[in-house]
Asker: 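Would you mind keeping the following structure in view while I ask a few things?
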Amino acid sequence: MKVKKVIARSLLIIAIVFASLMLYSVWDNSRIKVVKQDIRIPGLPEDLEGYNILQITDLQGRTFGSNQDKLIRQINSLNYDSILFTGDILDDKKFDYAPFYHLLDGIENKTNAMYVQGNSDPSNYKIDGNGELTKHEFVNGMEERGVNLLESSYELTVDGATLTFVDFELSILDPEKGFTFANGRTRPQMWRDKQYIGYQNELLQQWKGFEKRGNEVLIAVNHFPIIDERIDQLTSTTYYKFRDYDLIIAGHYHGGQIRIPLLGALIVPEAFYGFGGLFPPQDRVKGLWEYKGIKQYVSAGLGSSDAVGFMNFRLFNTPEINLLTLRGTK
């Protein structure tokens with residue numbers, strides 16, 4: 001009888017812990033926190049001191065409140081100068097545009113709003129019924145709502161300084177060698193199409209003769225983080241043009257999605273890591289880091305993926321948006 005009581009009590013405790021964990025997870029997944037981070041940039045022009053960049057990433061088709069009202073209120077409460085949507089905005093199992101369009105319709109400040117594609121989003125381009133290369137309808141709807149597709153570069157003049165946001169994957173290519181897919185880049189369905197390649201070469205020619213100016217800050221935007229091994233690859237050859245980036249901004253990892261207290265992320269979706277990203281270096285999962293003088297900020301984002309079907313949720317990993325503030329070094 002004593003053994004049965006011990007087993008019964010143990011099962012009851014396990015059930016209570018499991019139920020508590022599930023309730024906490026549901027509550028925590030519905031929250032949104034604002035993570036603020038100062039980015040110290042050597043030689044930052046005084047006119048860019050305190051410049052605020054809001055990053056929204058990895059929504060994965062989620063909604064926060066009715067028609068995104070909770071997320072909209074949080075965004076509209078912040079003071080920022082540019083807003084970046086760094087991919088995986090949609091759930092690739094549904095391709096429902098409504099959650100993102102509701103969000104864009106509610107955001108009051110879309111000055112200098114930019115988007116880069118993630119791996120769960122539709123390709124930026126498609127071949128239409130007439131055989132012509134056009135932007136995807138998702139991109140058209142986004143641009144109608146005030147968000148620019150960051151195809152090559154987006155240059156801003158802030159008083160006497162220049163701030164340039166660039167598509168990382170295009171910016172590392174050499175215009176003299178022509179368009180290609182650098183190792184690690186996701187290839188769209190029409191990547192062999194001559195019209196697509198021709199258009200990318202047109203964009204690439206904008207980089208011909210590029211030289212970073214003394215009063216210019218160069219920020220590269222990408223969905224995928226640029227891990228140390230890839231930086232080594234890109235900088236160890238003259239085939240690519242690894243620019244003098246002041247900052248790289250990315251998403252994709254979800255902060256590991258499932259995080260264990262005191263241990264951190266168990267896995268991130270990173271093909272460059274061994275064992276499929278299992279047990280990643282914890283200082284390369286989210287937040288700010290620096291490698292070979294290159295600063296990079298990776299957001300844990302808002303949503304979750306169903307790479308493992310029954311684990312389409314975040315655990316001990318509150319959804320976040322990120323307010324990055326440029327600061328000079330002292």
Asker: Name the orientation class of the two ring planes belonging to W27 and Y24 (parallel below 30°, tilted from 30 to 60°, perpendicular beyond 60°).
Answerer: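 Plane angle between 30° and 60°, so tilted.
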
Asker: Do any pairs count as a salt bridge (charged side-chain N to carboxylate O under 4.0 Å, His left out) and have a residue in residues 276-286, sequence neighbours left out, and if so which ones?
Answerer: D228-R284

Asker: I need the single residue from D246, T164, T162 that forms a side-chain hydrogen bond (donor to acceptor under 3.5 Å, both in side chains) with K212. Which is it?
Answerer: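 Going through the options one by one, the only one that passes is D246.
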
Asker: Treating Ile, Leu, Val, Met, Phe, Trp and Tyr as nodes and any side-chain heavy-atom pair under 4.5 angstrom as an edge, say whether Y101 and I107 lie in one connected cluster.
Answerer: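 Shared cluster, yes.
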
Asker: Under 3.5 Å, is there a donor on one side chain and an acceptor on the other for E229 and Y273?
Answerer: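 There is no such pair between these side chains.
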
Asker: Not counting sequence neighbours, which residues clear salt bridge (charged side-chain N to carboxylate O under 4.0 Å, His left out) with R62? List them please.
Answerer: none

Asker: Can you name the one residue among D88, I321, L71, D91 that meets side-chain contact (heavy atoms from CB on, under 4.5 Å) with L59?
Answerer: L71

Asker: Compute the centroid of each ring, for F179 and then for Y199, and state whether the two points are separated by less than 6.0 Å.
Answerer: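 Ring centres of Y199 and F179 not closer than 6.0 Å.
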
Asker: For the pair F138 and F100, name the ring-plane relationship: parallel under 30°, tilted 30 to 60°, perpendicular over 60°.
Answerer: tilted

Asker: T86 and side-chain hydrogen bond (donor to acceptor under 3.5 Å, both in side chains): which single residue from H252, Q55, Q117 fits?
Answerer: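 Checked H252, Q55, Q117 against T86; only one passes side-chain hydrogen bond (donor to acceptor under 3.5 Å, both in side chains): Q55.
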
Asker: Which pairs would a plain distance check flag for residues 142-150, meaning a side-chain donor or acceptor within less than 3.5 Å of a matching protein atom at least two apart in sequence or in another chain?
Answerer:
{"residue": "E143", "atom": "OE1", "partner": "K135", "partner atom": "NZ", "Å": "3.1"}
{"residue": "E143", "atom": "OE2", "partner": "K135", "partner atom": "NZ", "Å": "3.0"}
{"residue": "E143", "atom": "OE2", "partner": "L149", "partner atom": "N", "Å": "3.4"}
{"residue": "R145", "atom": "NE", "partner": "D105", "partner atom": "OD1", "Å": "3.2"}
{"residue": "R145", "atom": "NH1", "partner": "G141", "partner atom": "O", "Å": "3.0"}
{"residue": "N148", "atom": "ND2", "partner": "A113", "partner atom": "O", "Å": "3.0"}

Asker: Show your working on side chain to side chain contact (heavy atoms under 4.5 Å, CB included) between N119 and D92 and close with a plain yes or no.
Answerer: CA-CA 8 Å; N119 55 289; D92 60 0; 5.7 Å; no

Asker: Assess the pair Y253 and F224: is the distance between their ring centroids shorter than 6.0 Å?
Answerer: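 Y253 vs F224: aromatic centres not under 6.0 Å.
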
